[in-house]
Asks: 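Have a look at the structure that comes next, please.
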Amino acid sequence: MIRYRRPKQDDAIIHRLIETELVPLSHLPAKMLNQVKKELPDRLGRGVTLVASHDYDSDPLGFVHFMLHGNLLYIDMLAIDSSSKRKRWGNMLMDRAERFALSRGCLRSRVAVDIGNAAGLAFYEKLGYSVVRYSSQGMCYEMEKRF
């Protein structure tokens, strides 16, 4: 099931997923990564976080965090526990995030995918996203999908 984040129950697991599934893909210098980690509580407080879990009371298997900017859905983070990958949790999280954005008038969606994350690029391409540019500063591909 997909449900909204419950901070007291979910945040420790979300932080672990970020540490184990997203940080290893990042090319940011250690100093910048540490700053990003410090800002996580504030970052999760902005936007919307949905979690995938087996049932309403279960711990998260993955999450998507996103923000709406005018008519743009920005996918900030998506992570699935390695033991739960390839079981459609990512697809379900993205579907729910996109439907949420569509219901609020969004016309397109963007996501940044770290260079070297071939699985991430393939995942988003299957969902209809395409690369619009490469950011050498962030060492990532910016991908977009129009609704």
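Fair warning: this is a prediction, and the values are worked out from it, not measured in the lab.
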Asks: Please evaluate residues Arg86 and Ile80 with respect to the criterion side-chain contact (heavy atoms from CB on, under 4.5 Å), reporting the C-alpha separation (whole Å), side-chain torsions for both, the decisive distance (0.1 Å), and the verdict.
Replies: CA-CA 9 Å; Arg86 308 210 47 91; Ile80 307 296; over 6 Å; no
Asks: Considering residues at least two apart in sequence or located in another chain, which fulfil the ring pair (Phe, Tyr, Trp, His ring centres under 6.0 Å) criterion with Phe66?
Replies: Phe100
Asks: Can you confirm whether Glu19 sits close enough to Lys37 that some side-chain heavy atom of one is under 4.5 Å from a side-chain heavy atom of the other?
Replies: yes
Asks: NZ/Lys87 to OG/Ser83 distance, rounded to the nearest 0.5 angstrom?
Replies: 6.0 Å
Asks: Heavy atoms only: give me the nearest Ser109-Ile75 pair and the separation to one decimal.
Replies: OG-CG1, 3.9 Å
Asks: For residues Thr49 and Val64, determine if any side-chain heavy atom of one lies less than 4.5 Å from a side-chain heavy atom of the other.
Replies: no
Asks: Tell me whether Leu50 is reachable from Tyr74 by hopping between hydrophobic residues (I, L, V, M, F, W, Y) whose side-chain heavy atoms are closer than 4.5 Å.
Replies: no
Asks: Are Ile14 and Ile18 close enough that some pair of their side-chain heavy atoms sits under 4.5 Å apart?
Replies: yes
Asks: Cation-pi check, Arg6 to Tyr56: give yes when NZ or CZ is under 6.0 Å from the six-membered ring centre and within 45° of the ring axis, no otherwise.
Replies: yes
Asks: Do Met92 and Val111 sit in the same hydrophobic cluster, where Ile, Leu, Val, Met, Phe, Trp and Tyr count as joined when their side-chain heavy atoms come under 4.5 Å apart?
Replies: yes
Asks: Would a hydrophobic clustering, with Ile, Leu, Val, Met, Phe, Trp and Tyr connected at side-chain separations under 4.5 Å, put Leu61 with Tyr4?
Replies: yes
Asks: Side-chain heavy atoms under 4.5 angstrom apart, residues restricted to Ile, Leu, Val, Met, Phe, Trp, Tyr: same cluster for Leu102 and Met143?
Replies: yes
Asks: Are any of the side-chain heavy atoms of Met67 and Val48 separated by less than 4.5 Å?
Replies: no
Asks: With a sphere of 6.0 Å drawn around CE of Met32, does it hold more than 12 non-hydrogen atoms of other residues, nucleotides or ligands?
Replies: no
Asks: Under 4.5 Å between side-chain heavy atoms, counting indirect links through other Ile/Leu/Val/Met/Phe/Trp/Tyr residues: same cluster for Trp89 and Leu17 or not?
Replies: no
Asks: For Phe147, which residues count as a ring pair (Phe, Tyr, Trp, His ring centres under 6.0 Å) partner, sequence neighbours excluded?
Replies: none
Asks: Which heavy atom of Met139 sits nearest to which heavy atom of Tyr134, and what is that distance?
Replies: CA-OH, 3.5 Å
Asks: Tell me whether His65 contacts the main-chain N or O of Arg46 through its side chain, where contact means a donor paired with an acceptor under 3.5 Å.
Replies: yes
Asks: Between Gln9 (side chain only) and Asp57 (backbone N and O only), is there a donor and an acceptor less than 3.5 Å apart?
Replies: yes
Asks: So, for Val113 and Tyr124, which heavy atoms are closest and what is the spacing to 0.1 Å?
Replies: CG2-CD1, 3.7 Å
Asks: Between Thr20 (side chain) and Arg16 (backbone), is there a donor-acceptor pair under 3.5 Å?
Replies: yes
Asks: Are Phe123 and Asn91 side-chain neighbours, meaning at least one heavy-atom pair lies under 4.5 Å?
Replies: yes
Asks: Quick one: closest heavy-atom pair of Cys106 and Gly70, and the distance?
Replies: SG-O, 4.0 Å
Asks: Give a yes or no answer on whether the side chain of Asp114 reaches the backbone of Asn117 with a donor-acceptor pair at less than 3.5 Å.
Replies: no
Asks: So, Glu21 side chain and Ser82 main chain: donor-acceptor pair closer than 3.5 Å or not?
Replies: yes
Asks: Please name the pair of heavy atoms, one in Ser58 and one in Arg3, separated by the smallest distance, quoted to 0.1 Å.
Replies: O-NH2, 3.0 Å
Asks: Which value, rounded to the nearest 0.5 Å, describes the distance between Phe63 atom CZ and Asp10 atom CG?
Replies: 10.5 Å
Asks: Looking at CG of Leu40 and CD of Gln35, how far apart are the two atoms once the value is rounded to the nearest 0.5 Å?
Replies: 10.5 Å
Asks: Please check if the side chain of Lys145 supplies one atom and the backbone of Arg110 the other of a donor-acceptor pair under 3.5 Å.
Replies: no
Asks: If you look at every heavy atom in Pro60 and Ser53, which pair is closest and at what distance?
Replies: CA-CB, 4.4 Å
Asks: State, yes or no, whether a side-chain contact exists between Leu78 and Met94 at a heavy-atom distance under 4.5 Å.
Replies: yes
Asks: Output yes when Glu144 and Arg146 qualify as a salt bridge under the 4.0 Å nitrogen-oxygen rule, no when they do not.
Replies: yes
Asks: Answer whether the closest heavy-atom distance between the side chains of Arg108 and Asn71 falls below 4.5 Å.
Replies: yes
Asks: What is the distance from atom CD1 of Ile2 to atom CZ of Arg99, rounded to the nearest 0.5 Å?
Replies: 9.5 Å
Asks: So how far is it from Leu33 CG to Leu28 CG, rounded to the nearest 0.5 Å?
Replies: 5.0 Å
Asks: Side chains of Asp11 and Arg5: does their closest heavy-atom pair fall under 4.5 Å?
Replies: yes
